[in-house]
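For reference, the structure is listed below as structure tokens.
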Amino acid sequence: MHTGKTFETRDPRTGEVIAKIAEGDKADIDLAVKAAREAFDNGPWPRMPGCARARIMHRFADLVDQHVEELAALDTVDAGKLFLMGKMMDIPGGANLLRYYAGAADKIHGETLKMARPLHGYTLKEPVGVVGHIVPWNYPTTMFFFKVSPALAAGCTMVVKPAEQTPLSALFYAHLAKEAGIPDGVLNVVPGFGPTAGAAMASHMDVDKISFTGSTEVGRLVMQAAAMSNLKPVSLELGGKSPVIVFDDADVDMAVNLVNMATYMNKGEICVAGTRIYVQEGIYDAFVKKSVELAKKSVVGDPFNPNVHQGPQVDKDQYEKVLKYIDVGKSEGATLLTGGKPCSDKGYYIEPTIFTNVTDDMAIAQEEIFGPVMALMKFKTVEEVIQKANSTRYGLAAGVVTKNIDTMNTVSRSVRSGVVWVNCYFAFDPDAPFGGCKMSGFGKDMGTDALEKYLHTKTVVTPLYNTPWL
Amino acid sequence: ALLESHERHRVTTKICCLPVAHQNVHRFSPGRTFPTVDPRTGEVIARVAEGDAEDIDRAVAAARRAFDEGPWPRMTAYERCRVLLRFADLMERHNDEIAALESWDGGKPLEQSAGGEVPMAARCMRYYAGWADKIHGMVVPADGPHHVQVLREPIGVAGQIIPWNFPLLMFAWKVGPALACGNAVVLKTAEQTPLSALYVASLLHEAGLPDGVLNVVPGFGPTAGAALCSHMGVDKLAFTGSTGTGKIILELAARSNLKPVTLELGGKSPFIVMDDADVDQAVELAHRALFFNQGQCCCAGSRTFVHESVYDEFVEKSKARAQRRVVGDPFKKGVEQGPQIDGQQFKKILGYVKSGVDSGATLVTGGERVGSRGFYIQPTVFADVEDEMKIAQEEIFGPIQSILKFREVGEVVRRANATQYGLAAGVFTRSLDTANAVARALRVGTVWVNCYDVFDAAIPFGGYKMSGVGREKGAYSLGNYLQTKAVVAPLRDPAWL
């Protein structure tokens with residue numbers, strides 16, 4: 001790195017420093033972009049056929065699988081994520097996503113067109129060029145592969161800035177990428193901070209595209225920087241305040257478990273967390289009672305322990321922010337049913353928390369807390385709950401629990417969100433496009449849709465003479 | 001002299017029994033076998049179990065069970081993808097062995113089997129593996145308050161009949177998409193080349209393909225083939241072979257259960273050399289377009305139309321090129337052309353030589369047998385060929401190039417299209433406008449501009465007119481192995497339509 005400056009990354013179980021990481025700033029971003037530019041303009045990666053990129057991506061996926069324990073451990077010490085989940089889901093999920101896009105690399109096609117005059121026209125889908133990826137700290141591995149996989153398949157080169165809280169696994173992935181045969185300069189990882197490295201990338205005149213996952217506030221800054229520099233296209237996957245709507249024909253136990261998972265998964269540090277829980281009045285009392293029981297049974301502790309359900313919040317800042325929202329909730333007049341306190345005086349552990357008597361205008365109902373805090377609310381009718389669910393500036397995910405086909409169809413079309421999970425939650429899939437609307441952002445990750453972010457459509461037209469058909 | 005000694009090679013025929021449903025299947029027809037012959041010598045390589053209607057019945061029953069009850073269609077597409085990728089890995093690992101088997105059974109130069117066909121077959125499997133988890137239907141806008149989803153479902157049991165000219169590649173083109181879509185398959189190999197499919201089927205099993213999903217039945221057309229086409233338990237038929245047989249196939253499908261049929265049939269593909277062509281390049285390309293694989297390609301460029309301004313030079317250079325073509329034991333290095341597949345084809349081709357001579361075409365070079373053993377024929381060139389001659393009308397499937405003269409574009413397009421076939425065409429020109437106009441005007445499934453025989457996995461291939469129905473390869477092949485189901489439900493108070 002350029003200046004020799006370093007920064008610390010800490011273990012949220014204890015607050016202690018794990019390692020000092022080289023800190024990239026504007027000059028380092030410049031170097032990385034130069035390398036990516038050279039690799040794109042003159043290197044082999046975009047010039048290989050998709051099937052050749054696919055072979056290398058498959059090797060990369062195999063290497064990820066081979067190092068699953070190390071990688072899961074890195075994310076656990078860096079972010080407090082459950083080790084078992086990392087081993088079983090996050091890391092293999094990353095490898096699987098690489099494989100999904102490897103299989104797409106040789107299937108990116110343009111179209112021949114139906115012109116209204118004697119012209120031969122067709123579209124070419126070209127790699128967009130040098131991509132800047134800004135990856136958050138809550139799912140360091142998953143988010144890394146969400147972004148890197150389709151960009152690689154499309155033939156782009158890239159600079160990845162992992163979150164300053166969680167730089168470790170990204171650095172390891174860069175090493176594995178090289179081992180897999182990804183040519184130099186194609187995948188560059190620059191650890192650093194948002195206001196320096198991130199801002200430099202968003203304002204860089206030679207970056208062709210930015211893909212950002214993070215908070216709505218920072219997403220705004222990224223978009224501004226892109227506009228002020230070279231108008232690079234931006235895709236943003238931002239925050240959410242996702243509603244889960246439980247109708248009274250739901251199986252109460254199933255719904256209680258679903259909602260518990262929706263709110264507390266990954267200690268609530270997940271953009272699609274279901275944090276506004278609307279329960280129809282017919283089952284409301286039973287639902288509240290069972291939810292409190294389940295929350296109290298949750299085991300909060302060392303994420304390396306396979307019996308633990310919830311690890312620590314990622315760092316001191318987040319930890320303090322969550323506790324502050326809990327205080328705000330209390331002062332706004334919501335009723336605290338359970339939790340609300342830290343679990344220990346070491347590290348950043350917070351009890352699974354439930355508020356009721358929450359009104360939609362309260363801060364804890366409007367603002368993204370990003371912690372293990374559930375807001376439980378009662379509703380009467382479908383029309384009412386749709387209106388409540390939509391009364392947010394966010395629009396990322398929504399959950400619906402009902403057995404009724406008409407309710408499901410009506411609600412899924414009426415709720416303004418990027419994904420609707422019916423009788424399930426967090427049902428992510430490599431083939432299912434994911435992304436938000438409204439202030440949760442725009443642009444999709446996953447699915448074949450994600451490739452569009454890294455491609456540019458060029459239309460080619462030439463006149464036709466003596467054509468027997470048009 | 002070229003053919004007196006031919007190489008010994010280290011391949012043995014391991015699997016000659018019927019691996020129907022794979023596990024411990026024993027011969028059920030009372031031991032009838034048929035020989036498969038080495039076209040270098042006419043000698044028998046091995047005797048292979050001969051499947052008949054009863055064996056087809058059992059194979060279809062196994063496939064039916066595998067589809068209706070077994071794990072294959074029920075596993076995630078991702079898991080199917082992994083099986084197919086493992087299969088591709090195994091094919092690559094055994095590349096040389098498979099190639100040697102193919103060259104031994106079919107007479108094609110080992111360099112082409114090992115360096116071309118086997119890697120291409122593996123590539124094709126990888127391509128389709130990558131489609132497995134990306135098969136989408138549409139959610140379509142209704143004209144009123146209805147929620148409409150279109151599901152693409154595996155079609156069921158696919159019957160596939162493959163030819164002898166590219167046994168392994170044709171295996172991959174058919175089995176790849178069928179399996180990627182979640183179907184079960186009964187595959188009948190050509191009686192001339194039953195070996196490579198039996199071998200790679202065992203590799204598919206090793207890769208994790210469940211029992212009964214792929215059933216390979218060696219046998220003959222009139223018995224096994226006809227039984228497969230007529231079977232009431234087969235949901236789909238795919239055939240590559242001659243146009244004559246294709247007609248029978250379609251008829252049998254119609255008479256039985258109306259199973260949908262795709263056909264890849266014969267051709268008499270024009271190779272058009274315009275006046276602005278680089279003659280040396282055109283000669284070389286036209287030569288390969290015809291002589292590749294001993295002329296045994298459905299899409300062989302078998303009518304070489306040359307503009308009058310470059311005609312004489314073209315004929316001279318084509319003659320020289322043909323005379324330079326190295327004919328010999330396919331296991332020897334540097335050999336470009338091996339023997340024809342069998343005695344029947346051999347006789348048929350020599351018959352066309354006589355026809356060409358009798359009808360007044362100019363025999364520029366070749367026309368004779370090579371050596372005294374096996375089915376080798378000299379690279380043969382006819383010039384001054386006229387459209388009405390048999391050698392210009394009928395598919396020869398051998399190393400006979402026919403060169404015809406033309407004056408202008410409109411004329412050559414008309415003459416190129418004046419055939420019942422419509423498989424492929426080559427156009428050799430530097431002009432962008434000519435390429436665009438002629439490509440659109442030719443009624444063929446593939447137009448190769450300044451190239452030929454480019455068969456990348458994503459490129460759809462198939463014929464117009466009597467060259468066939470439907471397309472293989474690319475995304476276009478998936479539809480052959482999927483059914484389409486619309487699911488419709490009413491919407492109450494939709495927020496938008």
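From a predicted model like this one, the values you see are computed outputs, not experimental measurements. Throughout, a chain's letter reflects where its sequence line sits, starting with A, and its residues are numbered from 1.
- In the displayed structure, A/F442 atom CZ is contacted under 6.0 Å by more than 12 heavy atoms of other residues, nucleotides or ligands.
- Counting heavy-atom pairs under 4.5 Å between each of A/D429, A/I405, A/N96 and chain B puts A/N96 at the top.
- The residues B/E92 and A/R55 are annotated as salt-bridged, a charged nitrogen and a carboxylate oxygen being separated by less than 4.0 angstrom.
- Residue B/D133 comes nearest to A/D431 through the heavy atom pair O-CG, 3.4 Å, listed as atom of the first residue, atom of the second, then distance.
- Not one N or O on the side chain of A/K107 forms a donor-acceptor pair closer than 3.5 Å with the backbone of B/A475.
- Contact of A/T462 with chain B is made through the side chain alone, with heavy-atom distances under 4.5 Å.
- Enclosure of atom CZ in A/R117 is not indicated, since only 12 or fewer non-hydrogen atoms of other residues, nucleotides or ligands lie within 6.0 angstrom.
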request  = Show your reasoning for whether side-chain contact (heavy atoms from CB on, under 4.5 Å) applies to A/L464 and B/N436.
outcome  = CA-CA 7 Å; A/L464 277 174; B/N436 274 335; 3.9 Å; yes
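- The environment of A/M89 atom CE is sparse: at most 12 non-hydrogen atoms of other residues, nucleotides or ligands sit within 6.0 angstrom.
- For the set B/A77, B/P494, B/G130, the entry with the most heavy-atom pairs within less than 4.5 Å of chain A is B/G130.
- By the 6.0 Å contact criterion, CE on A/M115 is enclosed, its count of non-hydrogen atoms from other residues, nucleotides or ligands being greater than 12.
- When all heavy atoms of B/A458 and A/D106 are compared, the closest pair comes out as CB-O, 4.2 Å.
- Using a 4.5 Å cut-off between heavy atoms, A/S414 contacts chain B through both its backbone and its side chain.
- Under a cut-off of 6.0 angstrom, the local environment of CZ in B/R407 is sparse, with at most 12 non-hydrogen atoms contributed by other residues, nucleotides or ligands.
- More than 12 non-hydrogen atoms from other residues, nucleotides or ligands lie less than 6.0 angstrom from CZ of A/R413.
- Taking A/H109, A/E383, A/R99 one by one and counting their heavy-atom pairs under 4.5 Å with chain B, the maximum is reached by A/R99.
- Your options are B/H147, B/R123, B/H136, B/K134, and the one with the most heavy-atom pairs under 4.5 Å with chain A is B/K134.
- Scanning both residues, B/P490 and A/N409, for their nearest heavy atoms gives O-ND2, 4.0 Å.
- More than 12 heavy atoms of other shown residues, nucleotides or ligands fall within 6.0 angstrom of atom CG in B/D453.
- Contacts of A/P463 with chain B are made by backbone atoms alone, with heavy-atom separations under 4.5 Å and no side-chain atom involved.
- Annotation: the span from A/H120 atom NE2 to B/R440 atom CZ amounts to 6.0 Å, rounded to 0.5 Å.
- The minimum heavy-atom distance between B/D493 and A/T410, with the atom names listed, is O-CG2, 4.1 Å.
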